[in-house]
**Student:** 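My questions will all concern the structure given below.
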Amino acid sequence: MFKHTLTTLALSVSVFANVSASEAKPIEKPVESVILLPTGHFFENLTFQNKEELVATDYTGMSLYKYHEDGQATLWSKVDGHPVSIRFDEQGEGLLSVHETSILEGKSFLNSMALYKVNKTGELTRLLGIESPAFLNGMAYLGNSKYLIADAINGKIYQFDMKTNQLTTWLDNAILQPDQDRPGLPGVNGIQLYKGALYFTNSAQQLLGKINLQDRKAGAIEIIESSIQADDFVIDGDGTWFITTHHHEIIKLTSDKEKSVVLNHGIVGNTAIQMSRKEAGIFYITNDGGLLFGGKDNAGLHKVKF
């Protein structure tokens, strides 16, 4: 029962649909672990605070880690809860979503969502507790002190205004919803702003989508791909997606819809991904070592070239 609950309520779930036999073979690349912690840690999200420094959330470790691209890693901040997603504004201050009850304790975590402010030095201030059940997951900075936050259980995207502490519904649409035939799997999961639009994954519906923006409001919605059960992603300057799956694979999807597995072993339970701002072709990837599915690999932040 516990294992089933843990699997179906996983922060991000992991199946790459419709992979050919050749793509499913091990595809290994040199992986440099720049932060490596033992079994039981769960690195969930990753973003740049500034041009040179990344911040990663350690969910089970209740911590934020910082990594400078010159090679320096530090434990940056402790969290009174389980940090999920984090994004920063132009000044290096940010917003953090937190489960104040761990997902490992079952469905009660849905009633423990909160938002925290993160200042430039990593100090945290609790801003808002969410009174109704929710699953605050992926996050994007919209500008002008406003953030977008994916609710993976209710299938919505919220807008949070840091200046007023107001949380409002930005978009509520069926394309963001979980799949009722796959109960427990997250709906809208990762979200990223890219060239004037908001892109997203829906893990349960196995799709990638695009929401056009009109004065920072949601416009027309497009389906980009409908055969990848994705977690997080990043899009490069050519429009190519690099997608984590919370499993063994990292998926590449070009703007021409060519799909391939670029890494099939080496970063187990991969959760979030960012492109280096210093080295071309270098990516940073977080993972949980397969923790949510019984795995016992190490967790942390890893560097790989695609």
**Student:** Taking atom CD of E249 and atom OG of S260, what is their separation to the nearest 0.5 Å?
**Tutor:** 12.0 Å
**Student:** Is a side-chain donor or acceptor of D236 paired with a backbone partner of W241 at a separation under 3.5 angstrom?
**Tutor:** no
**Student:** Without hydrogens or angle criteria, can the side chains of D288 and H246 be said to hold a donor-acceptor pair below 3.5 Å?
**Tutor:** yes
**Student:** Just by distance, do the side chain of D58 and the backbone of L64 share a donor-acceptor pair under 3.5 Å?
**Tutor:** no
**Student:** Quick one: does W170's side chain have a donor or acceptor within less than 3.5 Å of a partner on R216's backbone?
**Tutor:** yes
**Student:** Testing L36, I35, I273 for side-chain contact (heavy atoms from CB on, under 4.5 Å) with H302, which one passes?
**Tutor:** L36
**Student:** Taking the six-membered ring of F48 as reference, does the NZ or CZ atom of R277 fall below 6.0 Å from its centre and within a 45° cone about the axis?
**Tutor:** yes
**Student:** Counting only heavy atoms not in Q180, do more than 12 fall under 6.0 Å of its CD?
**Tutor:** no
**Student:** Which distance, rounded to the nearest 0.5 Å, do you find between the NE2 of H68 and the CD of Q49?
**Tutor:** 10.5 Å
**Student:** Checking the side chain of S85 only, and the main-chain atoms of S97 only, is there a donor and an acceptor separated by less than 3.5 Å?
**Tutor:** no
**Student:** Check whether the ring centres of F233 and Y199 lie less than 6.0 Å apart, and answer yes or no.
**Tutor:** no
**Student:** Any side-chain to backbone donor/acceptor pair from K163 onto K146? Under 3.5 Å, distance only.
**Tutor:** no
**Student:** So, does D70 use its side chain to make a donor-acceptor pair with the main chain of Q72 at under 3.5 Å?
**Tutor:** yes
**Student:** Which label fits H99 and F109: parallel for a plane angle under 30°, tilted from 30 to 60°, or perpendicular past 60°?
**Tutor:** tilted
**Student:** When you measure from the side chain of R87 to the backbone of Y141, do you find a donor-acceptor pair of N or O atoms at a distance under 3.5 Å?
**Tutor:** no
**Student:** Has the side chain of N173 got a donor or acceptor atom that lies under 3.5 Å from a matching backbone atom of I175?
**Tutor:** yes
**Student:** Might you work through the side chain to side chain contact (heavy atoms under 4.5 Å, CB included) test for H82 and T57, ending with a clear yes or no?
**Tutor:** CA-CA 9 Å; H82 305 275; T57 61; over 6 Å; no
**Student:** Using 0.5 Å steps for rounding, measure from the CD1 atom of I103 to the CD atom of E105.
**Tutor:** 11.0 Å
**Student:** Tell me whether the count of non-hydrogen atoms from other residues, nucleotides or ligands lying under 6.0 Å of NZ in K29 goes above 12.
**Tutor:** yes
**Student:** Where the side chain of N154 meets the backbone of P133, is there a donor-acceptor pair that is under 3.5 Å apart?
**Tutor:** yes
**Student:** Will you find, in the side chains of T271 and T286, an N or O donor that is under 3.5 Å from an N or O acceptor?
**Tutor:** yes
**Student:** For a ring-ring contact (aromatic ring centres under 6.0 Å, His included) with Y65, tell me which candidate from F43, Y284, Y59 qualifies.
**Tutor:** F43
**Student:** Could you tell me whether K217 atom NZ has more than 12 heavy atoms of other residues or ligands within 6.0 Å of it?
**Tutor:** no
**Student:** Can E123 and T125 be counted as having a side-chain donor-acceptor contact under 3.5 angstrom?
**Tutor:** no
**Student:** Can you tell me how far CD of Q229 sits from OG of S203, rounded to the nearest 0.5 angstrom?
**Tutor:** 6.0 Å
**Student:** Is a side-chain N or O of Q205 found less than 3.5 angstrom from the main chain of A174, in a donor-acceptor match?
**Tutor:** yes
**Student:** Other residues, nucleotides and ligands only: do more than 12 of their heavy atoms fall within 6.0 Å of CG on D80?
**Tutor:** no
**Student:** More than 12 heavy atoms of other residues, nucleotides or ligands under 6.0 Å from NZ of K252: is that the case?
**Tutor:** no
